[in-house]
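Convention: sequence-line order gives letters A, B, ...; per-chain numbering from 1.
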There are 2 protein chains.
Amino acid sequence: MARLKDIARAAGVSIATVSNVVNGTKTATPAVQRRVLSAIERLGYLPDLHARTLRTGASRSLGLVIPDLTNPYFPALVQAIETTARELGFVLIVMDAGNDGERETEALTLLASYRVAGVVWVPVEHERSLDWPYPIVTVDRMVPGCDTVVADHVQGGTLIGRHALALGHRRIGLLSGPRALPSAADRRSAFLATVAGHAEIAWEIPVPFSSDLPRAALQRLADPDCSLVVCANDAVAVGVLRAARDAGLRVPDDLSVIGFDDVPWADFVEPGLTTVRQPLAALGRNAVTTLHARIADPERPLHRETLPVTLVERRSAAPVAPYPRGDRP
Amino acid sequence: MARLKDIARAAGVSIATVSNVVNGTKTATPAVQRRVLSAIERLGYLPDLHARTLRTGASRSLGLVIPDLTNPYFPALVQAIETTARELGFVLIVMDAGNDGERETEALTLLASYRVAGVVWVPVEHERSLDWPYPIVTVDRMVPGCDTVVADHVQGGTLIGRHALALGHRRIGLLSGPRALPSAADRRSAFLATVAGHAEIAWEIPVPFSSDLPRAALQRLADPDCSLVVCANDAVAVGVLRAARDAGLRVPDDLSVIGFDDVPWADFVEPGLTTVRQPLAALGRNAVTTLHARIADPERPLHRETLPVTLVERRSAAPVAPYPRGDRP
DNA sequence: AACGACAGGTTAAACGTTTAACCGTCCTGG
DNA sequence: CCAGGACGGTTAAACGTTTAACCTGTCGTT
C-alpha cells in the first residue's frame, strides 16, 4: 500500500507536489505531472481517507440509522440512500437499531465518534435529545430542529378515501395502525375526513403492523358487516386476505381490501393488493441531497419536504356488489 | 466536540495520561482517574476514530459489498452482518453494486482507500482480480484464495428431490436457474441425482430469477404434463402459481410447486410455498466471525464453511393425486 | 534594464491519537 | 541503609494527509 511518501520518492519530487497533482490543487509542469502519475500507476497509490479526514476536518462519510432492515419498506430506501451518497462522494455507514431505542442511541454516538459528515435517521419511535455534533435529516418522521423528508400520508389517506367512495362503498371497516405513529395517524384522519358524510365507519380496530391479526379483528372479519376494509398496512391486509379465506369470503367479490406501502410482494398475493405506494427511491435520494446541502451550508433554513404518494389499483378492491352478500340471485 | 487535549487541560494532566485512562492502557491514581473521568463526562469526549486508526494502523471498520439490496434474499443477511460486526466493535460500510461489475470494483477500491480491516463480499457474478489490500470473506460464492461461507445447495437439491419422491411424484417439470450460477447449478444437479431412476424429468426449461416467466415456460405450464414443477427460485415459483391460475389449474390439487429461498412472503402467497430456507442469519454472522479471525491471524489456513439448509413444507406441494388430472371421479 | 507578477516547486506545521522512552518517588527486600 | 523495582506520570515522535508560507527562476511590461 503505497503512500504519498513513496510516490514522491519514486517521482523524485516532494510530498506536497504529489498531493497537489492528486487533488489538482496547484498546477504542475507537464513533465512532473507525467512522472507523478506514472509513479502512482506503477505503485498503486490510494489516498488514506482517514488521514485526509483528520487533516481537513471534512469527513467523506455519512451515517444511516434505521429501525429494522428486515422491514420490507426499507431495502429500496437504503439502496437509494447508498447510491446517491456515493454519487456525491460519500460512503455510507449503516446501522440497524433492531427496533431498540437504546441500540439506536448507541449507533448515533458511535457515528459521532466516527466523525461522519451527517446522518440520515429513521427514528425507531419517539424523538430523543438532539444535541448531536452532526447535521441530521430524518425520513418519514418529523423531529424538531431536523431537516425532514416525508411521504405525504394525508394525501395517502385522502386517496384511499376517494377511491373507496368512487367504488361505491358505503359501509367500511377500519384496521388502523398504532395511534402513536404520526404517519399512521395522519392517513387515518385524512381518510376519515374524506369519507365523512358519504360513508359510514362500521367498526374500527387498532392493530399492530403484522399479518397475525388480534382475536378481535378475526372475529369481526368472520362476518365483517361492511363491503370494504381499509388496512393500516400491506402486512395487515395480507392478514385480512387470510382471515377472509378462512371465513369463506371471496376477495374482492364479497369483501374489498385496501392496504398501504406497496411492499414488493403486494402484486404476488392473491388477489393483488390495491394499496398506496410511497416514493421510496425519491425519499432516499432527496434525504441525502438535503443532507448534503445542509453540510455545505449549516445556516440554511430548515428544510421540510413532503413527497406525493400514488394509489396503485390491483384486484383486491372492486366496486361494491350490486346485491348484499348472501342475497345474490 | 472535545478532544484529548481539552480533557487533559480540564483535568490538569497530560494528554498521554488521559489516553491511558480512556484505553485502560496504564493504571492511574484514583484521584487522577476521577478527575479525568469527570472531565470527560463534563465535556462530552468522544475519541476520533480517524485519528486512532491513522495512528494505530488498525481500522475498526468493515466493508460489505452486495449485488442488490433490493433482492429479498439480502436484508436478513445484511442485518446479521451489521449486528455481529458491531458486536465485535466494528462499523459497517455498506455498498450496493447495483448488479454491475464495474460499480462493484469501484466499491472495492473505495473500501481500500478507506483502509477497512476486511470486507464481506457477495460477488455479483464472476471472480475478478483479487489483489486487494484487505482480507475478504465471500458469501454464497467461492472465490479462489478467499475464506467462504456458503449454504449447502447440494443438500437443498437433495432435500427437494427426496421430498418430491416421498410425495409420490413420478413426472416432474424443471424450471432451472442460470446454469452459470454455481449455487443454482449445484442444487439442480443434486436434485437430478436423487430422483434419477425413481422419477422422470418431463421437461426442463432454463429461466431467469423472475416471476415473469418466458413464453416457453408459460406454454408448458398451460398443460404441464407432470404432477410437480420444481422452480429455481421462490420468485419463479410465484410466476408458476400465477400461470397455473391463469390456466385454470389448482395448486396443489392439480399441480404441486416447490421453490427455493423461503423469501419473507413465501408464506403470504396462496397457497403458501413449499421451499427450502437458507440460514441467512447464520450465514451473515459466521461470515463476519471468520473475517474477524482472519484479521486477527492473517496466516491461518483458508476457511470454507458450508451451512445446512432446511426444507419448509407449506401447502404448495402435496402428495400426487390418486387419479390423473381430468379423470377425477 | 529593472521590476513585479506569476508559475512551479519545497519546507514545515498541523489534524487527534497512541506509545516508546524517560524521569521522579516511594516501597521493598537483602 | 541502599539498590532496584514498581508505579504514576510526562515528553515527544509518529501515523498520512493538506496547506500556508516561502523560495527561485522566467517572462512580460515599462
Legend entry - side-chain hydrogen bond (donor to acceptor under 3.5 Å, both in side chains) assessment of Thr148(B) paired with Thr138(B): CA-CA 5 Å; Thr148(B) 302; Thr138(B) 62; 3.2 Å; yes

Legend entry - Worked verdict on Gln79(B) versus Asp68(A) for side-chain hydrogen bond (donor to acceptor under 3.5 Å, both in side chains): CA-CA 8 Å; Gln79(B) 186 175 53; Asp68(A) 177 16; 2.7 Å; yes

Legend entry - Phosphate OP1/OP2 of dT17(C): any Tyr45(B) side-chain N/O under 4.0 Å: yes

Inset, instruction - Hey, could you give me the CG/CZ distance between Leu69(B) and Phe74(B), rounded to the nearest 0.5 Å? - result: 8.5 Å

Inset, instruction - Could you tell me, to 10°, how much the axis swings from one end of the helix from dA1(C)-dT30(D) to dG30(C)-dC1(D) to the other, five pairs per end? - result: 40°

Legend entry - Nearest-Å distance for atom pair CD1/C1', residues Ile7(A) and dT10(C): 18 Å

Legend entry - Contact letters for nucleotides 19-27 of chain C, in which S counts primed atoms plus P, OP1 and OP2 and B counts the base, heavy atoms under 4.0 Å: B-B------

Inset, instruction - Find the distance between CD1 (Ile7(B)) and CD1 (Ile15(B)) and round it off to the nearest 0.5 Å. - result: 11.0 Å

Inset, instruction - In whole angstrom, give the distance that lies between atom CG of Asp48(B) and atom P of dT18(C). - result: 10 Å

Inset, instruction - Mind calculating the distance between CZ (Arg52(A)) and P (dG16(C)) to the nearest angstrom? - result: 18 Å

Legend entry - Arg42(A) and Ser38(A): CA distance, side-chain angles, deciding distance, side-chain hydrogen bond (donor to acceptor under 3.5 Å, both in side chains) verdict: CA-CA 6 Å; Arg42(A) 233 174 29 248; Ser38(A) 103; 3.2 Å; yes

Inset, instruction - Can you spot which of Arg294(B), Arg141(B), Arg304(B) makes a salt bridge (Lys or Arg N to Asp or Glu O under 4.0 Å) with Asp147(B)? - result: Arg294(B)

Inset, instruction - Using whole Å, report how far CZ of Arg115(B) lies from C1' of dG16(D). - result: 8 Å

Legend entry - Whole-Å distance separating the CG atom of Leu54(A) from the P atom of dT18(C): 12 Å

Inset, instruction - Give the rounded distance in Å between these two atoms: NE2 of His50(B) and P of dT17(C). - result: 12 Å

Inset, instruction - Using the six-membered ring wherever Trp is involved, compare the ring planes of His50(A) and Tyr114(B) and label them parallel, tilted or perpendicular (cut-offs 30° and 60°). - result: perpendicular

Inset, instruction - Give the rounded distance in Å between these two atoms: NZ of Lys5(A) and C1' of dT10(C). - result: 18 Å

Inset, instruction - Compare all side-chain heavy atoms of Arg3(A) with those of Asp48(A) and state whether any distance is below 4.5 angstrom. - result: no

Inset, instruction - Select one nucleotide: of dT17(D), dT17(C), dC15(D), the one nearest the side-chain heavy atoms of Leu4(A). - result: dT17(D)

Legend entry - Distance, nearest 0.5 Å, that separates CD of Glu305(B) from CG of Asn286(B): 4.5 Å

Legend entry - Selected nucleotide, minimal atom distance to Arg3(B) side chain, candidates dG16(C), dT18(C), dT17(D): dG16(C)

Inset, instruction - Any chance you could measure Ile295(B), atom CD1, to Leu88(B), atom CG, to the nearest 0.5 Å? - result: 8.5 Å

Inset, instruction - Might you confirm whether atom CZ of Arg103(A) has over 12 heavy atoms from other residues, nucleotides or ligands at distances under 6.0 Å? - result: yes

Legend entry - Contact nearer the 5' end of DNA chain D, comparing Gly12(B) with Val22(A): Gly12(B)

Inset, instruction - Check DNA chain D against residues 27-37 of chain B and give the residues with a non-hydrogen atom under 4.0 Å, in numerical order. - result: Thr27(B), Ala28(B), Thr29(B), Val32(B)

